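Input: a single structure, listed below in structure tokens.
Numbers restart at 1 for each chain; the letters A, B, ... are given by sequence-line order, proteins then strands. Here the structure is a predicted model, which means the values were calculated and not measured.
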There are 2 protein chains.
Amino acid sequence: MVESEPAALDSVFRALGDATRRRMLQDLAAGERTVGDLAAPAAMSLAAASRHIQALGRAGLIHREVRGRTHWCRLAPGPLASAHRWLAFYEGFWTGRLDVLERLLREEEAMRNRTPKGDEG
Amino acid sequence: MVESEPAALDSVFRALGDATRRRMLQDLAAGERTVGDLAAPAAMSLAAASRHIQALGRAGLIHREVRGRTHWCRLAPGPLASAHRWLAFYEGFWTGRLDVLERLLREEEAMRNRTPKGDEG
DNA sequence: TTCTGATTCAACCATGTAGTTGAATATCGG
DNA sequence: CCGATATTCAACTACATGGTTGAATCAGAA
């Protein structure tokens, strides 16, 4: 599991760490939305919502296009896919499919030449 | 896409939004580790690393067990799986498999009775 | 008990984040 | 031009986060 651009993952996961922004992404999954559309359900000022949208943009999670006086946003799924891939690394843990992972990990265990559990006394 | 416990997802994604903590999770994927083990490669004081580990614990991403004077940590993959599932909702976007998603979204579109793109000109 | 090791806690500082309000910018339409 | 609409910017406040250092806690060993 090599992280190609940790800073990028930082901003993606951090952007996802807020329910308002996740809700906006879900709205965007249904199609293009304007800033006003995204802000409307968000129990906060337009300016605050605008900054959430900017955070999504900085993380690369959305693209914007200005048409006239309205800014249209749409989902840019690439970074979401990166986050998904990062998490997929752990899939073996929660699905019980540990076989592949185990081989991988035993190698690293051997390299470290350490017994994390077997010999504690 | 219903969020059962938004606050839980908040803490999970936020915990993942830091390269140090992600590295710790990767270490833990290789087996149990002590606080000291996890802190060692982390170019920061032990106290700071300890707080990162506490953040992982608060997010439910790791479990700890005190054996003697050392605290052993292991991966608790459940919340990672939740995050993964949340992201999986968007899989259609980055794999191009939009058929399933589209049906789903059209329904929501209809409910909102709005034309986000089809009638802009 | 005393020394050492593993980990946390407390106090502190700097920075980031999330919200507010009010002004600024830019576009559409009369 | 003028007024309304869409969005952002700036200044401010409050709180969270991430790091530091030094003291505290608690277990093991001499």
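- A salt bridge does not link A:Asp18 to B:Arg14: none of the charged side-chain nitrogens sits closer than 4.0 Å to a carboxylate oxygen.
- For B:Ile62 and C:dT7, the CD1 to P distance is 12 Å, given to the nearest whole Å.
- Distance from the side chain of B:Thr70 is smallest for C:dA6 among the nucleotides C:dA6, D:dG18, D:dT7.
- Of the candidates C:dC28, D:dT8, C:dA18, D:dT8 carries the atom nearest the A:Ser50 side chain, counting heavy atoms from C-beta on.
- Between A:Asp27 and A:Arg23 there is a salt bridge, with a side-chain nitrogen of the basic residue lying less than 4.0 Å from a carboxylate oxygen of the acidic one.
- Across all strands shown, B:Ala39 has no heavy atoms under 4.0 Å from either base or sugar-phosphate atoms.
- For the pair A:Ile53 CD1 and D:dT8 P, the computed distance is 7 Å after rounding to whole Å.
- Between A:His71 atom NE2 and C:dT25 atom C1' the separation is 10 Å, expressed in whole Å.
- Contact annotation: A:Gln54 does not reach the phosphate of D:dT7 (side-chain N/O to OP1 or OP2, under 4.0 Å).
- Rounded to an integer number of Å, the gap from CG of B:Asp18 to P of D:dA16 is 18 Å.
- For the pair A:Arg51 CZ and C:dG16 P, the computed distance is 14 Å after rounding to whole Å.
- Ring geometry for B:His84 against A:His84 counts as parallel: the plane angle stays under 30°, on a 0 to 90° scale with 60° as the upper cut.
- Out of C:dG19, D:dT7, C:dT7, the shortest distance to the side chain of A:His52 is found at C:dG19.
- At the heavy-atom level, A:Ser45 lies under 4.0 Å from base atoms of the strands shown.
- Atoms CZ (B:Arg21) and C1' (D:dG19) sit 13 Å apart, rounded to a whole Å.
- Atom CE of B:Met24 and atom C1' of C:dT7 are 13 Å apart (whole Å).
- If you find the closest nucleotide of DNA chain C to A:Gly68 and to A:Arg58, the one lying nearer the 5' end belongs to A:Arg58.
- Set against C:dT7, D:dT5, C:dG5, the side chain of B:Arg69 has C:dG5 as its closest nucleotide.
- A:Ala55 comes within contact range of no nucleotide atom at all, as no heavy-atom separation falls under 4.0 Å.
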Inset, instruction - Show your reasoning for whether side-chain contact (heavy atoms from CB on, under 4.5 Å) applies to B:Leu16 and B:Leu25. - result: CA-CA 9 Å; B:Leu16 294 176; B:Leu25 290 177; 3.5 Å; yes
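- Salt bridge annotation for A:Glu32-A:Arg64: absent, with no cationic side-chain nitrogen under 4.0 angstrom from a carboxylate oxygen.
- No contact: B:Thr20 has no heavy atom under 4.0 Å from any strand.
- Out of C:dT7, D:dG18, C:dT4, the shortest distance to the side chain of B:Arg64 is found at C:dT7.
- Between D:dT21, D:dC9, C:dT27, one nucleotide has an atom nearer to the side chain of B:Ala47 than all others, and that is D:dT21.
- Distance A:Met44 CE to C:dT17 C1': 12 Å, rounded to the nearest Å.
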